[in-house]
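Below you'll find the structure, written out as structure tokens, and then a few comments.
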2 protein chains.
Amino acid sequence: MGLMSEPRWLSDEEQRVWRDFSAAVSMLRAHLEGQLQRDSGMPHTYYEVLVVLSEAPGRVLRMSDLALATRSSRSRLSHAIARMEANGWVRREACPTDKRGAFAHLTPGGLAALEEAAPGHVEAVRASLFDPLTPEQVKQLGEISSAVIANLTPRCAEAAREELENLDGDG
Amino acid sequence: MGLMSEPRWLSDEEQRVWRDFSAAVSMLRAHLEGQLQRDSGMPHTYYEVLVVLSEAPGRVLRMSDLALATRSSRSRLSHAIARMEANGWVRREACPTDKRGAFAHLTPGGLAALEEAAPGHVEAVRASLFDPLTPEQVKQLGEISSAVIANLTPRCAEAAREELENLDGDG
DNA sequence: TGTTGTTACTTGAGGGCTCAACCAACTGGG
DNA sequence: CCCAGTTGGTTGAGCCCTCAAGTAACAACA
């Protein structure tokens, strides 16, 4: 422990921003999740799956691609698709060329559920996020989000590489 | 359906911003939650409870006040405190003046767990959120967050917010 | 061919969250 | 005092998520 570098704490302003950001995100999340759950009986992750599937050509996607597009783990998606299949929103199909693979296919019922849910959800997003912001702030939020994504994306690859090195036994 | 007003959809830019913001938040969340879980064996909500308790005078808070300060439901907090008590991080105490009430008291073990977890977590917050942003963007993010909070905070909770601010200084 | 490694996906256990129901204690009006 | 209404907090069921382990199929190569 003695060799560890001194942690860089947050300035007063950073601390204030972090707490407000944290609060804003948790309130937004609770608000949108609750709206979707109450009005359409689905968690937000399922809604995202429906959206991505509905935009895919043929309304079909490989599980892996769907997981990637929704930033979900394979496991999470697998559980989710199991339940959505039970709901009649989605149908699993075997992949003919790669027998390990599975397709997730949006059913008419799934599309209907999405079309039923979408207006209320979009309205909630608008009312809770965009309405209180000026157009300038919307633009700023977009740039901030892009910067965060760009910064966090290579970091994932880096963590994966370290993991690999540790498994091999370091050189 | 015929009488419902037409939904206001999102513009192209709003849609792009919403998707980026959504992705950024989910990546940030996953990153920070994972870091805290791996390095300190606690979910982020428990960390927040420890922080708030550690800053409270006497390191004690009524369950209700703690729930407010952490933007948590009573139920969630009750479950959380139960587990944190089992971990030895917190101790429940009865309230002498109102026998329904309960205090949550931070234990030395809980404080130690927090002090152990804090540097790594702060570093992760800095690295994933503040480092990729310019000082100007940090300021913008603070203003955006405040606007969202103000918009989402129901009027009935305004008194509660003031109450929270007074928890420190009022004694 | 077999063997090793990787990829695609599933499964089960365990933990956290929400919701609704609940109990117990305080409050206020008769 | 009584009794309804409210408040503070807990509990259990059900759901979603994560993690680790497992299965099955592909790929590379001796």
Side-chain angles (χ1 to χ4, degrees), chain A residues 26-27 29-49 61-87 90 92-105 159-160 163-164 167-168, chain B residues 26-27 29-49 61-87 89-90 92-104 156 159-160 163:
Chain A
S26 93
M27 291 171 72
R29 202 181 143 70
H31 182 70
L32 295 176
E33 188 77 39
Q35 179 273 326
L36 215 40
Q37 192 65 248
R38 269 191 314 278
D39 296 353
S40 310
M42 68 178 79
H44 189 255
T45 41
Y46 291 15
Y47 180 85
E48 283 183 327
V49 167
L61 239 45
R62 282 289 288 268
M63 291 292 283
S64 292
D65 298 330
L66 189 50
L68 211 60
T70 57
R71 294 176 307 280
S72 162
S73 69
R74 294 175 191 284
S75 172
R76 169 156 115 203
L77 184 66
S78 199
H79 285 296
I81 291 295
R83 188 159 290 264
M84 295 175 75
E85 193 172 23
N87 289 6
V90 116
R92 275 188 175 94
E93 279 170 23
C95 174
T97 78
D98 184 343
K99 286 187 175 171
R100 295 167 302 177
F103 287 118
H105 191 297
E163 183 108 2
L164 278 185
L167 284 184
D168 282 339
Chain B
S26 93
M27 290 170 72
R29 201 182 144 71
H31 182 70
L32 295 177
E33 187 76 41
Q35 180 272 326
L36 215 39
Q37 192 66 249
R38 269 190 313 278
D39 296 353
S40 310
M42 68 178 78
H44 189 255
T45 42
Y46 291 16
Y47 180 85
E48 282 184 327
V49 167
L61 239 44
R62 283 288 289 267
M63 291 293 283
S64 292
D65 297 330
L66 189 49
L68 257 182
T70 57
R71 295 175 308 280
S72 161
S73 70
R74 295 176 191 286
S75 172
R76 169 155 116 204
L77 183 66
S78 197
H79 285 297
I81 292 294
R83 188 159 290 265
M84 294 174 75
E85 194 172 22
N87 289 6
W89 293 345
V90 114
R92 275 187 175 95
E93 280 169 24
C95 174
T97 77
D98 183 343
K99 286 187 175 169
R100 295 167 301 178
F103 287 118
C156 64
E163 182 106 2

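Given the structure is predicted, the values throughout are model-derived calculations rather than measurements. Numbered from 1 within each chain, the chains take letters A, B, ... in sequence-line order.
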At what distance, to the nearest 0.5 angstrom, does CE of M42(A) lie from CD of E48(A)?
-> 12.0 Å

Under 3.5 Å, side chain of T70(A) to main-chain N/O of L66(A), donor-acceptor pair present?
-> yes

Round to a whole Å and report the spacing from CG of L36(A) to P of dT18(C).
-> 15 Å

Can you tell me how far the OH atom of Y47(A) sits from the CD atom of E33(A), to the nearest 0.5 Å?
-> 12.5 Å

Taking all non-hydrogen atoms of both residues into account, name the closest pair between I81(A) and A104(A) and its distance.
-> CD1-CB, 4.2 Å

Where R71(B) and S26(A) come nearest, the two heavy atoms and their spacing | NE-OG, 3.0 Å

Starting from the 5' end of DNA chain D, give me the residue, D98(B) or P96(A), whose nearest nucleotide shows up first.
-> D98(B)

Contact class for S64(A) (heavy atom, under 4.0 Å): base, sugar-phosphate, or nothing?
-> sugar-phosphate

Report the distance from atom NE2 of H44(B) to atom C1' of dC17(C), rounded to the nearest whole Å.
-> 16 Å

Sequence neighbours left out, what passes salt bridge (Lys or Arg N to Asp or Glu O under 4.0 Å) with R92(A)? Give chain and number order.
-> E85(A)

Would you kindly give the CG-to-C1' distance between L66(A) and dC9(C), to the nearest whole Å?
-> 13 Å

Locate the shortest heavy-atom distance separating R62(A) from C95(A); write the atom from each residue and the value.
-> NH1-SG, 3.6 Å

Could you check whether R92(B) gets within reach of a base, just the sugar-phosphate, or nothing at all, counting any heavy atom under 4.0 Å?
-> sugar-phosphate

To the nearest 0.5 Å, what is the distance between NE2 (H79(B)) and CZ (R74(B))?
-> 14.0 Å

R62(A) CZ to dA25(D) P, straight-line distance once rounded to whole Å = 14 Å

For M63(B) and F103(B), run side chain to side chain contact (heavy atoms under 4.5 Å, CB included): C-alpha distance rounded to whole Å, both residues' side-chain angles, the deciding distance at 0.1 Å, then the answer.
-> CA-CA 6 Å; M63(B) 291 293 283; F103(B) 287 118; over 6 Å; no

Rounded off to whole Å, could you give me the CZ-to-C1' distance for the R71(B) and dT18(C) pair?
-> 17 Å

Show the distances under 3.5 angstrom between N or O atoms of the protein and N or O atoms of nucleotides 1-7 of chain D.
residue: dT7(D); atom: O2; partner: R100(B); partner atom: NH1; Å: 2.7

In whole angstrom, give the distance that lies between atom NZ of K99(A) and atom C1' of dT6(C).
-> 20 Å

Just the atom pairs and distances: protein N or O near nucleotides 14-20 of chain D's N or O, under 3.5 Å.
residue: dC16(D); atom: OP2; partner: Y46(A); partner atom: OH; Å: 3.4
residue: dC16(D); atom: OP2; partner: R83(A); partner atom: NE; Å: 2.6
residue: dC17(D); atom: OP1; partner: T45(A); partner atom: OG1; Å: 2.9
residue: dT18(D); atom: OP1; partner: R76(A); partner atom: NH1; Å: 3.0
residue: dT18(D); atom: OP2; partner: R76(A); partner atom: NH1; Å: 3.3
residue: dT18(D); atom: O4; partner: H79(A); partner atom: NE2; Å: 3.4
residue: dC19(D); atom: N4; partner: S75(A); partner atom: OG; Å: 2.5

Whole-Å distance, L77(B) CG to dG16(C) P, equals 13 Å

